[in-house]
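Step one of this worksheet: look at the structure below.
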Amino acid sequence: MNNKIIIYQVFTRLYGNRNATRIKNGKKEENGCGKFADFNASILKHIREMGFSHIWYTGVIRHATQTDYSSYGIPTQHPAIVKGRAGSPYAICDYYDVDPDLALNVNERMQEFETLVKRTHRAGLKMIIDFVPNHVARQYKSIAKPKGVKDLGEDDDTSQGFNPQNNFYYCPNCKFEPQFDIQDYEEFPAKSTGNDHFDPHPGINDWYETVKLNYGVDYVTGQGHFDPIPNTWHKMLDILLYWAEKGIDGFRCDMAEMVPTAFWSWATEKVKNKYPELIFIGEVYNPAQYRNYIQAGFDYLYDKVGMYDTMRNVICGNGSASFITGAWQSTDDIANHMLYFLENHDEQRIASDFFAGDARKGIPGMVASVLMRNNPFMLYAGEEFGEQGMDEEGFSGCDGRTTIFDYWNLDTICREAANKLTGEDWEIYNIHEKTLQIARKEKAASGLFYDLMYANHWSARFDDNKQYAFLRKKDNISLLVVCNFNGNDVDIDVKIPQHAIDFLSMKEKKSKATDLLTGDKSIFFIKADECVRMTVPAYGARIWKF
């Protein structure tokens with residue numbers, strides 16, 4: 001078994017929900033809600049057997065919602081500053097609590113979470129949760145904080161727009177007055193909004209439901225004030241340690257690049273001193289900052305502006321498959337730190353009309369993303385069946401994404417549970433499962449990588465706009481992977497250059513080859529600067545083991 005990290009992202013409140021009502025803007029009582037308990041031993045075993053090493057439970061920490069839990073002593077949130085009935089999981093209102101929506105017994109919600117941690121580990125999976133460091137809900141108030149911990153903003157000097165020891169940024173002597181109608185909600189003085197909006201008038205497209213946390217950066221001058229250590233640093237470190245102590249295995253850090261690297265260097269060192277195996281995954285979109293955040297302690301970063309954008313363009317026919325080479329080369333020195341993905345909660349579904357309109361078109365991109373390097377890969381629940389993301393759930397509207405704001409469910413996951421998937425759904429699933437298992441079980445999939453595109457650029461029987469080919473090798477086992485982004489079956493030749501033979505220490509000889517996806521057999525004559533001939537199916541791939 002290889003050590004490759006393959007993450008299954010689940011939007012926790014959606015995954016286990018089997019309620020078929022699906023009312024637009026429906027309440028929890030109408031549309032239902034998934035629970036921690038839905039991730040039972042059988043489900044977790046299935047996820048593990050698919051080939052996943054980690055599961056990221058998205059939306060665990062308690063966030064702002066329009067659902068009333070006041071009878072349980074949980075403060076209500078003003079609906080004008082909550083996006084959707086269920087609310088955004090990135091508008092945290094108590095860093096020390098879990099979402100009551102996810103519990104069978106609200107009063108025992110933390111115990112249910114702690115049981116889920118143990119159940120996940122028993123299934124052989126490691127567990128990731130969100131850490132949202134840049135912003136909180138406008139009405140943040142912790143009711144679950146440990147004894148002696150002061151709440152965010154409790155000691156702030158609200159007369160100062162910026163003070164290094166404040167937890168928030170303020171607009172002194174100004175009311176919160178967004179650029180849209182808002183009734184009966186009062187905030188004075190106004191706090192700055194989460195997306196670095198520093199006046200009291202955020203617009204409808206701003207993160208108006210959140211407030212920006214202050215890590216000691218004066219955004220007027222751009223100067224950081226880190227000595228003495230800002231109060232927010234200490235509070236956030238305590239929160240990281242609180243969750244680490246519960247046995248989780250990693251944090252996916254939301255909008256990590258909006259928090260200074262100085263904090264991350266300080267905090268990750270302290271966390272890893274106590275929990276050395278715990279990983280940090282950063283949402284960083286500026287490639288110029290990648291190396292700074294890795295140096296600051298991040299184990300892995302989203303490769304969004306790079307591999308994801310490139311692969312999406314290739315899948316949609318807006319870019320050449322040869323561009324994939326440039327995408328991996330741009331981060332070659334930090335290759336093992338980059339997290340590849342084709343879907344997540346922020347991105348549109350491949351099968352949606354806003355992306356490719358057909359889940360099959362994503363298969364060659366998935367195979368390449370999983371097998372070309374040793375870095376982690378992440379798959380979003382439902383992607384393995386071709387989830388469309390074309391529902392108009394409520395706040396999010398029909399935008400090609402699976403909602404994070406509404407009470408809803410996943411069509412494909414529900415149909416799987418009811419044994420109502422189509423043959424095409426299962427075809428998509430099977431190729432995903434086989435590819436993930438190849439990545440985890442085949443030793444060559446963790447070996448040396450060799451991109452074959454340059455050697456096939458001028459070939460009459462290889463279209464480098466629509467095909468992508470590479471080799472993997474470890475010991476005496478090789479994989480030849482060829483991905484076809486064309487909507488037709490193609491008969492192609494793949495040239496193996498002399499440099500590949502030398503670099504991979506391959507023997508020039510006749511070899512029996514097996515396609516790990518189909519079981520097809522072939523005979524390859526591996527010789528420098530000669531070609532291997534094959535047929536690759538439409539929107540498909542060949543993974544030849546020899």
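Only this structure's heavy atoms are used, side chains among them; waters, hydrogens and symmetry mates stay out. The model shown is predicted, which means the values in this text are computed figures rather than measured ones. Numbering of residues begins at 1 and proceeds along the displayed sequence.
H337 places a side-chain N or O within 3.5 Å of a backbone atom of D299 that can act as its donor or acceptor partner. With hydrogens and angles ignored, the 3.5 Å screen pairs a side-chain donor or acceptor of T268 with a backbone N or O of A296.
For R401 and D346, the salt-bridge test fails: no basic side-chain N is under 4.0 Å from an acidic carboxylate O. Looking at K126 and D249, no side-chain N of the basic residue comes within less than 4.0 Å of a carboxylate O on the acidic one, giving no salt bridge. A salt bridge links R291 with D333: the distance from a Lys NZ or Arg NE/NH1/NH2 to an Asp or Glu carboxylate oxygen falls below 4.0 Å. Electrostatic pairing of K527 and D529 does not count as a salt bridge here, judged by no charged N lying under 4.0 Å from a carboxylate O. The existence of a salt bridge linking R373 and D303 is excluded, since no basic side-chain nitrogen approaches an acidic carboxylate oxygen closer than 4.0 Å.
Using the six-membered ring where Trp is involved, F503 and H499 have ring planes that are parallel, under 30° apart on the 30 and 60° scheme. A perpendicular orientation is assigned to the rings of F39 and Y57, their planes being inclined by more than 60° (bins at 30° and 60°). Ring geometry for F162 against Y169 counts as parallel: the plane angle stays under 30°, on a 0 to 90° scale with 60° as the upper cut. Ring geometry for H345 versus Y90: interplanar angle under 30°, hence parallel rather than tilted (30 to 60°). Ring planes of F280 and F251: tilted class, angle from 30 to 60°.
R252 and E283 get closest at one heavy-atom pair: NH2-OE1, 3.0 Å. The minimum heavy-atom distance linking A91 with E209 is given by the pair CB-CG, 3.9 Å. What you find for I350 and E343 is that their closest heavy atoms are N-OE2, 2.8 Å. Contact detail for Y293 and A256: the closest heavy-atom pair is CE2-O, 3.4 Å. The shortest non-hydrogen separation linking F485 to G365 is CE2-N, 3.5 Å. When all heavy atoms of C483 and V367 are compared, the pair lying nearest together is SG-CG1, 4.0 Å.
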Practice item. Carefully, step by step, assess F377 and Y340 under the rule ring-ring contact (aromatic ring centres under 6.0 Å, His included). Key: CA-CA 5 Å; F377 176 78; Y340 289 171; 8.0 Å; no
**Study point:** From CA spacing to verdict: side chain to side chain contact (heavy atoms under 4.5 Å, CB included), V494, N456
**Key:** CA-CA 7 Å; V494 180; N456 290 276; 4.1 Å; yes
Check your understanding: Can you list the steps and then say if F226 with W266 is a ring-ring contact (aromatic ring centres under 6.0 Å, His included)?
Key -> CA-CA 11 Å; F226 306 143; W266 178 84; over 10 Å; no
Point to revise | Residues M311, I324; criterion side chain to side chain contact (heavy atoms under 4.5 Å, CB included); working and verdict | key: CA-CA 7 Å; M311 202 67 77; I324 297 170; 3.7 Å; yes
Practice item. Kindly indicate, with the supporting measurements, whether the criterion side chain to side chain contact (heavy atoms under 4.5 Å, CB included) is fulfilled by L480 and L452. Key: CA-CA 10 Å; L480 172 59; L452 291 167; 3.6 Å; yes
**Study point:** Audit row: L213, L152, side chain to side chain contact (heavy atoms under 4.5 Å, CB included) steps and yes/no
**Key:** CA-CA 9 Å; L213 283 169; L152 287 166; 4.1 Å; yes
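With a 4.5 Å cut-off on side-chain heavy atoms, L471 and L479 do not count as touching. Within the 4.5 Å cutoff, side-chain heavy atoms of I128 are placed close to those of I279. Contact check for N2 versus N374: no side-chain heavy atoms found under the 4.5 Å cut-off. No side-chain heavy atom of F385 sits less than 4.5 Å from a side-chain heavy atom of L410. Using a 4.5 Å heavy-atom threshold, the side chains of N214 and N231 count as separate. In this structure, S446 and K4 have side chains that are not in contact, with every pair of non-hydrogen atoms separated by 4.5 Å or more. Within the 4.5 Å cutoff, the side chain of E508 has no heavy atoms near those of the E530 side chain. Using a 4.5 Å heavy-atom cutoff, the side chains of V211 and Y140 are not in contact.
Cation-pi check for R312 over F355 is met; the charged atom lies under 6.0 angstrom from the ring centroid and within 45 degrees of its normal.
Here the straight-line distance linking atom CG of L339 with atom CD1 of I5 works out to 9.0 Å at 0.5 Å rounding. One distance of note links CD1 of I92 with CZ of R62; it measures 9.5 Å at 0.5 Å rounding. In this structure, L102 CG and T12 OG1 are separated by 6.0 Å, a value rounded to the nearest 0.5 Å. Note: N465 CG to F323 CZ = 7.5 Å, rounded to the nearest 0.5 Å. The line from CG of L237 to OG1 of T232 is 12.5 Å long, rounded to the nearest 0.5 Å. In this structure, OH on Y208 lies 11.0 Å from OG1 on T193, to the nearest 0.5 angstrom.
Using modelled atom types and a 3.5 Å distance limit, the side chains of W458 and D464 yield no donor-acceptor pair. For the residue pair E387/Y380, the side-chain donor-acceptor check at 3.5 Å is not satisfied. Side chain to side chain, D451 and Y468 meet the donor-acceptor criterion of an N or O pair below 3.5 Å.
Atom CD of Q329 has more than 12 heavy atoms from other residues, nucleotides or ligands within 6.0 Å.
When the side-chain contact (heavy atoms from CB on, under 4.5 Å) test is applied to R461, the partners found at least two apart in sequence or on another chain are S459, D491, D493, R533.
Just one residue in the list F113, Y95, Y96 forms a ring pair (Phe, Tyr, Trp, His ring centres under 6.0 Å) with W243, and that residue is F113.
Ring centers of Y308 and Y302: at least 6.0 Å apart, outside the cut-off. Ring to ring, F470 and F449 are close: their centroids are under 6.0 angstrom apart.
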